[in-house]
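Below you'll find the structure, written out as C-alpha cells, and then a few comments.
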Amino acid sequence: MTPEVPADHWEVEALYDTCFAPGREALSSYRLRDGVPPVAGLSHVARDSAGILAGAIRYWPVRIGAANALLLGPVAVHPTRQGEGLGAGLIETSLEQAAPLGWERVMLVGDAPYYNRFGFTLLQDVEMPPPTNPARILGRALAEGAWAGVTGKVRRWHD
C-alpha cells in the first residue's frame with residue numbers, strides 16, 4: 001500500500017464507480033467532500049505486482065462544532081480481489097498514520113458489524129447531513145477521550 005498521488009485520481013474514481021452503485025456522489029457524505037481535497041498522506045492505494053489497482057481509501061477533513069475530524073471513505077476493493085484482506089489492510093495502515101499527523105478522531109458512515117473490528121463505535125450525538133441513517137454514523141478515537149463532548153452537525157471543512 002502506498003499513499004495516493006495525483007496521477008492515481010481517475011483510476012481510483014473508476015474503481016469507486018465499479019464498486020458502488022450509480023449515483024454514489026448524491027450521498028450526503030459527498031456534500032462534505034465538495035471542493036475539499038482529500039487529506040494528504042492518508043489516502044492510499046493498493047496495487048498488485050503488475051501495478052493494477054486493487055483497492056483504495058480516502059480521508060477528508062470535516063468539522064463537528066469546534067472539533068476537527070477525519071471522514072473515512074470511500075474505501076473500496078475491486079470485486080475480483082475482495083476477501084484477500086486488502087480493505088482491512090488499507091484501513092489499518094491509514095489509521096496508524098493519522099494520529100502522528102495530528103488527527104485525534106475519525107468518523108465514517110458504514111456498517112457497524114464490519115467497522116467494529118477496527119475500533120469504530122456508534123456516535124450518538126454526531127449528526128450527518130440527511131439522508132443518513134443515524135445507526136451508521138461511527139467513530140473511533142485516535143487519542144484518549146477524543147470524542148468526549150464532541151456533538152452536533154458534521155460540516156464541510158471550509159464552512
Side-chain angles (χ1 to χ4, degrees), residues 1-22 24-64 67-112 114-121 123 126 128-129 132 136-144 146-147 150 154-159:
M1 282 159 241
T2 59
E4 181 181 344
V5 295
D8 295 322
H9 178 82
W10 291 111
E11 196 173 4
V12 171
E13 287 296 316
L15 174 67
Y16 290 154
D17 287 344
T18 298
C19 294
F20 299 109
R24 68 179 168 91
E25 293 183 356
L27 298 172
S28 61
S29 57
Y30 277 84
R31 300 299 64 79
L32 298 170
R33 299 174 184 142
D34 284 345
V36 179
V39 176
L42 289 182
S43 299
H44 284 72
V45 296
R47 294 183 179 277
D48 66 16
S49 60
I52 298 171
L53 185 67
I57 189 170
R58 286 183 174 156
Y59 288 84
W60 309 84
V62 293
R63 296 195 195 281
I64 307 150
N68 299 334
L70 288 171
L71 176 63
L72 186 162
V75 58
V77 174
H78 193 278
T80 62
R81 301 297 303 272
Q82 291 179 0
E84 297 177 16
L86 290 173
L90 286 163
I91 293 167
E92 290 167 350
T93 297
S94 57
L95 285 173
E96 288 171 6
Q97 296 173 354
L101 293 176
W103 295 97
E104 296 182 351
R105 62 193 66 78
V106 180
M107 65 171 298
L108 58 83
V109 177
D111 296 322
Y114 179 78
Y115 287 103
N116 287 159
R117 65 183 167 142
F118 302 106
F120 286 87
T121 58
L123 294 175
V126 173
M128 284 287 289
T132 302
R136 294 176 51 85
I137 303 171
L138 310 175
R140 174 179 159 175
L142 301 175
E144 186 72 30
W147 282 106
V150 177
V154 181
R155 309 183 323 276
R156 277 178 9 106
W157 184 251
H158 298 302
D159 289 348

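Computed from a prediction, not measured in an experiment: that's the story for all the values here. Numbers here are sequence positions counted from 1.
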(request) Taking the side chain as every heavy atom from C-beta outward, state whether Leu71 and Val154 have any atom pair closer than 4.5 Å. (result) no
(request) Dump the intermediate steps for side-chain contact (heavy atoms from CB on, under 4.5 Å) on Met1 and Ile57, then the final yes or no. (result) CA-CA 10 Å; Met1 282 159 241; Ile57 189 170; over 6 Å; no
(request) Measure the CD-CG distance between Glu11 and Leu53 for me, rounded to the nearest 0.5 Å. (result) 4.5 Å
(message) Restricting to non-hydrogen atoms, name the atom on Trp103 and the atom on Ala69 that form the minimum distance, rounded to 0.1 Å.
(response) CZ3-O, 3.6 Å
(request) Locate the shortest heavy-atom distance separating Val77 from Gly87; write the atom from each residue and the value. (result) CG2-N, 3.5 Å
(request) State, to 0.1 Å, how close Leu101 and Ala40 come at their nearest heavy-atom pair, and which atoms those are. (result) CD1-O, 4.2 Å
(message) Classify the ring geometry of Phe120 against Tyr115: parallel below 30°, tilted from 30° to 60°, perpendicular beyond 60°.
(response) perpendicular
(request) Give, for atom OH of Tyr114 and atom CD1 of Ile91, the distance between the pair rounded to the nearest 0.5 Å. (result) 4.0 Å
(message) Holding to side chain to side chain donor-acceptor pair (under 3.5 Å), I want the full list of residues that pass it with Arg136, two or more places apart in sequence or in another chain.
(response) Asp111
(request) Using atom types as modelled and distance alone, determine if a side-chain donor or acceptor of Arg140 lies under 3.5 Å from a backbone N or O of Gly119. (result) no
(request) Without swapping roles, check the side chain of Arg63 against the backbone of Trp157 for a donor-acceptor pair under 3.5 Å. (result) yes
(request) Answer whether the closest heavy-atom distance between the side chains of Glu104 and Val150 falls below 4.5 Å. (result) no
(request) Walk me through it: do Trp147 and Thr121 pass the test side-chain contact (heavy atoms from CB on, under 4.5 Å)? (result) CA-CA 11 Å; Trp147 282 106; Thr121 58; over 6 Å; no
(message) Looking at every non-hydrogen atom in both residues, tell me the closest pair between Pro3 and His44 and how far apart they are.
(response) N-CD2, 3.7 Å
(message) Looking at Leu90, is its backbone amide N or carbonyl O close enough to the side chain of Thr93 to form a donor-acceptor pair, meaning the two atoms are under 3.5 Å apart?
(response) no
(message) Quick one, Arg156 and Asp34 - any side-chain contact, counting heavy atoms below 4.5 Å?
(response) yes
(request) Identify the two heavy atoms, one from Thr18 and one from Pro79, that lie closest to each other, and give their separation to 0.1 Å. (result) CG2-CD, 3.9 Å
(request) Would you mind reporting whether Ile52 and His78 have side-chain heavy atoms less than 4.5 Å apart? (result) no
(message) Out of the candidates Tyr59, Phe118, Trp60, only one should pair with Leu72 under the side-chain contact (heavy atoms from CB on, under 4.5 Å) rule; please name it.
(response) Tyr59
(request) Work out which heavy atom in Leu15 is nearest to a heavy atom in Ala56; give both atom names and the distance. (result) CD2-N, 3.8 Å
(message) For Glu4, give me all partners under side chain to side chain donor-acceptor pair (under 3.5 Å), at least two apart in sequence or on another chain.
(response) Arg58
(request) Report the C-alpha separation of Met107 and Leu138 in whole Å, then their side-chain angles, then the decisive distance to 0.1 Å, and conclude whether the side-chain contact (heavy atoms from CB on, under 4.5 Å) test is met. (result) CA-CA 6 Å; Met107 65 171 298; Leu138 310 175; over 6 Å; no
